[in-house]
Amino acid sequence: MKVRKACLCLAGCLFSLAIRAERVPMKLWYDEPATEWMTSALPVGNGEIGAMFFGGVGREQVQFNDKTLWAGSPTQRGAYQNMGDLFFDFGTPEGYAGYRRELSLDDAVGRVSYVLGGVEHVREYFASRPDSVIVVRLALPSAKGALNFTLRLEGAHQEGTKVVGHTMTIGGTLDLLSYEAQVVLLTEGGTVEAFPDGLKVSGADAATVLLTGATNFDLASPTYTRGGAEEVHGRVSARMAKAAGKSYEELKESHLADYRPLFSRVDVNFGQGMPDYPTDVLVREHADHPYLDMLYFQYGRYLMLGSSRGGQLPSNLQGLWNNVNHPAWECDYHSNINVQMNYWPAEVANLSECYAPFIEYVSTEALKPGGSWQRVARKEHCRGWAVHTQNNIFGYTDWNINRPANAWYCTHLWQHYAYTLDRGYLRDTAFPVMKSTCEYWFDRLEENADGRLVAPDEWSPEHGPWEDGVAYAQQLIYALFEETLSAARALRVHDGFVQELEKKFARLDNGLHVGSWGQIKEWTREEDVQGDNHRHLSHLMALFPCDEISCLKDLRYVEAAKVSLNSRGDGATGWSRAWKVACWARLWDGERAYRLLKQAQHLTDLTVVSMDDHAGGVYENLFCAHPSFQIDGNFGATAGIAEMLLQNTPKGIYLLPALPKAWADGHFRGLKAHGCFVVDAVWAGGRLTEVEVTSGAGMECKMYFPGRSIVRVENTRGRKVGFVQSEDGMVAFRTKPGVRYRLFFETPLNG
Ligand code: FUC
């Protein structure tokens, strides 16, 4: 007994050490300037505006975007637009040395440094949310008065640049929107000369360049605009005046104070430090180094913070980074996987705030009286709302109608509640949309020959026939009805609507049917073709992102899901591979999930659109390649990695459900689970050694440790907490909001 106590005490001490181990720096870095926007330039973003920097020595290019800058209108598809470029000309470089270009994910700061003519040159780049500006800093720390360059601002729509004093402006009107971007140059020492389309800096010690842009887009307005060019000009100028009144250090400080607390909430470590070779070499030659997985996971979080804070719009097909005016698929909002996948990691990766633009977009559009989403439903004589597959920011929706997307969007609204337990949000925002979506399906569902309710004339994106009751629609409507009932219970609503929902839910076909070769049937009448390797896994909604197929529920469906996944094969475009990672993680097959992750990280430089199953992967800058660049695959991979580490199951929070051998030793801190719990865990040799849980809402905490016994639960004051454990490994204990708990295993060390 004494021995065991000592052992546990040791475990307790080690626990604190291991779980609070130093963070490994998260950096992408290179020893050459970027050569191409899509494959090697590096992104910064504040959630609304963003930029890509190249780090050139003779000439620097900083391309920039505003998430709301779209051509098109409520009646025209249009496309997401490039806003413009900043060009810095330094003269021709000769014999530069010691070049390094990096992007720190920990700080959201880019940095370029090199030595030229014996002088060290340093640049920094960041996108500040508190000050709404992109900042580029140029300095020669050891050589006063030696900074010389010309700066030009070039709009992407041939606007012509206005130069007044140290300010450059572009602006104009697209089909509907007015926009403006401003650049302000602040120098320390030296002189500044204006010429028709730029500014010339001579003999300065350092320079800070501020860049910002805005449009008059307004999601909530019936016209999708608010004010005109004058209002935009006023807003951009006020922003600039405020930022220009601050020193570079002040701007950076407020940026770090805003960004660091969000990013540092989560640490994932697979037992390795940062290797000493550049990121392109890491991907090309050392793809099995666990640092790549740590970095790729965190890159998804970085990109989410960069593209999904404010702006009334979710991140689009490229987040918000786009350097052309005719991007692939208009860089739009695709409703049949892409915009949804962008949000898969938001909650588990502890960036709940980043959900806000997606929630605002869906709830505003769905409930806009007479809005285009409601008109789609009315055309079909239904209440509620529906969308087609392709969507611009003005409610314009076209290409194949994708009715079940309304249910899919609602599963996201529900997930936000399941993680946060924010009842006010559930009552005022999520539930009204969920209810209206249910009403759409009340009006649309029909009875089939077996007396079950099915959705008529449905599809499986983007292939096969249109039939009644296909798996994609049924599984999503099933999730919608089930989650809306849970929402009604949480809100204690039991009115006529809920009674009707209960009745309809009881008669609803759940979309799970095992076919002739053991697969989950994708269609009702059409035979599934064995070996059909289509990239969409729409008949496996119930496996991931929904959860009706679970290793802790009916195993017939688990086996059938495996058959279906094997039939689809492991090849796929960027996002599709990420989906397969998450699916195999749900099936608790860590090695298969890992194998797919490695395939998803295959280095490519193909920048044109390809649907080839083997053309996808990542670029040097770790942007996911569909190809071309599509950010959903980045977010999907982050969610897939999280799914390998933590799952919400019917028996509670399950840690390391799909841990591959390659990550045998490691820890994570800060992943979130349903019930508003934040979880930290340490493992060695593939076995959990330490677990800590922080309760956000004071719910009972349920965890699942198959094959392991918990001997003690303590709060961080060292007080014992009562718990129960059932034979199958379920543990439950009561919690208080804000309190942290430690769980001790029977065999704490190398057990
Ligand atoms: C869906 C996918 C394509 C592509 C496009 C943007 O339609 O089927 O592969 O990702 O979205």
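Order of listing sets the numbers, starting from 1, for every ligand and every atom in it.
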When you look at F358 and W344, which way does the ring-ring contact (aromatic ring centres under 6.0 Å, His included) test go after all the steps? CA-CA 12 Å; F358 178 78; W344 284 358; over 10 Å; no
Would you please write out the protein residues whose heavy atoms approach any atom of ligand 1 to under 4.0 angstrom, listed by chain and number? L317, W329, H334, N336, N338, E462, R535, H536, W575, M611, H626, Q630
One pair to check against side chain to side chain contact (heavy atoms under 4.5 Å, CB included): T75 and F394. What are the steps and the verdict? CA-CA 8 Å; T75 54; F394 311 106; over 6 Å; no
Going by heavy atoms in the side chains, are D85 and W37 under 4.5 Å from each other? no
Which residue is it: W459, Y472, W575? I am looking for the one with a ring pair (Phe, Tyr, Trp, His ring centres under 6.0 Å) to H536. W575
Would you please test Y343 and Y355 for ring-ring contact (aromatic ring centres under 6.0 Å, His included) and show each step? CA-CA 7 Å; Y343 289 88; Y355 238 128; 5.6 Å; yes
Cation-pi, Y179 ring and K67 (6.0 angstrom, 45 degrees): no
